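When reading the values below, keep in mind they use all heavy atoms of this one structure, side chains included, and skip hydrogens, waters and symmetry mates. The structure presented is a predicted model; accordingly, all values stated were derived computationally and were not measured.
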Amino acid sequence: DVNILESTGISVLASSCLAEDNPAVRLLLSWGAEIFYHGERVTKESKLALCRGISGKGQVEISNLVASELGGRRCEIVSPPNTRDDLVGKTCVVEEYIEISDQYKV
């Protein structure tokens, strides 16, 4: 279970985000882990506050992944660019959301 809680009610993802340079964050995100505090899923406001803290520690890339709805998540490609029909049905990990084109970089 990727959402297992520590004895304090904090999820493994939340504690991993607070640790410096923890490679487990990407793995946990790719398996669908969520951030929990006191045994409950965090609100958007709490998540953004956590991301500011992560960014303040110099881990901007991890902060952006955690802040994004699909950042670091496994996804299936359903609508590739016109020249890449071979990608339909492939599983990938989202790196970032590109707002100007409303697309995800995988």
Apply side-chain contact (heavy atoms from CB on, under 4.5 Å) to the pair I4 and S11, showing each step before the final yes or no. CA-CA 6 Å; I4 194 165; S11 65; over 6 Å; no
(request) Show the numbers, then the answer: is there a side-chain contact (heavy atoms from CB on, under 4.5 Å) between I10 and H38? (result) CA-CA 6 Å; I10 296 175; H38 308 293; over 6 Å; no
Those residues at least two apart in sequence (or on a different chain) that pass ring-ring contact (aromatic ring centres under 6.0 Å, His included) with Y104 are Y97
**Message:** Tell me if the CZ atom of R74 is crowded by more than 12 foreign heavy atoms within 6.0 Å.
**Reply:** yes
Between A33 and L13 the two heavy atoms that sit nearest each other are O-CD2, 3.6 Å
**Prompt:** Tell me, do L50 and V42 make a side-chain contact under 4.5 Å, heavy atoms counted?
**Reply:** no
Quiz item: Around K57, counting heavy atoms of other residues, nucleotides and ligands shown, do more than 12 lie under 6.0 Å from its NZ?
Solution: yes
Is there side-chain contact between V88 and E76, with at least one heavy-atom pair below 4.5 Å? no
Residues G32 and V2: closest non-hydrogen pair is C-CG2, 4.1 Å
Minimal heavy-atom distance between C51 and S63, with the atoms involved, is O-OG, 2.8 Å
Sub-4.5 Å side-chain heavy-atom contact between I54 and V25 = no
(Q) So V66 and C17, do their side chains get closer than 4.5 Å, heavy atoms only? (A) yes
Decide yes or no for K105 and V94: does some side-chain heavy atom of the first lie under 4.5 Å from some side-chain heavy atom of the second?
no
d(R52 CZ, K47 NZ) to nearest 0.5 Å is 13.5 Å
- Task: Count the heavy atoms of every other residue, nucleotide or ligand shown that sit under 6.0 Å from CD1 of I98, and state whether that count exceeds 12.
- Result: yes
Report task. Give a yes or no on whether Y37 and V12 share a hydrophobic cluster (residues Ile, Leu, Val, Met, Phe, Trp, Tyr; joining criterion: side-chain heavy atoms under 4.5 Å apart). Result -> yes
Would you say the side-chain atoms of E6 and S15 include a donor-acceptor pair closer than 3.5 Å?
yes
- Would you mind reporting whether L29 and W31 have side-chain heavy atoms less than 4.5 Å apart? no
Correct closest heavy-atom pair for L5 and G39 would be CD1-CA, 3.6 Å
Are N3 and F36 side-chain neighbours, meaning at least one heavy-atom pair lies under 4.5 Å?
-> yes
For the hydrophobic clusters of this structure (ILVMFWY residues joined by side-chain heavy atoms under 4.5 Å, transitively), does one cluster hold both I35 and L18? yes
Point to revise | Note, I77 side chain near C92 side chain (heavy atom, < 4.5 Å) | key: yes
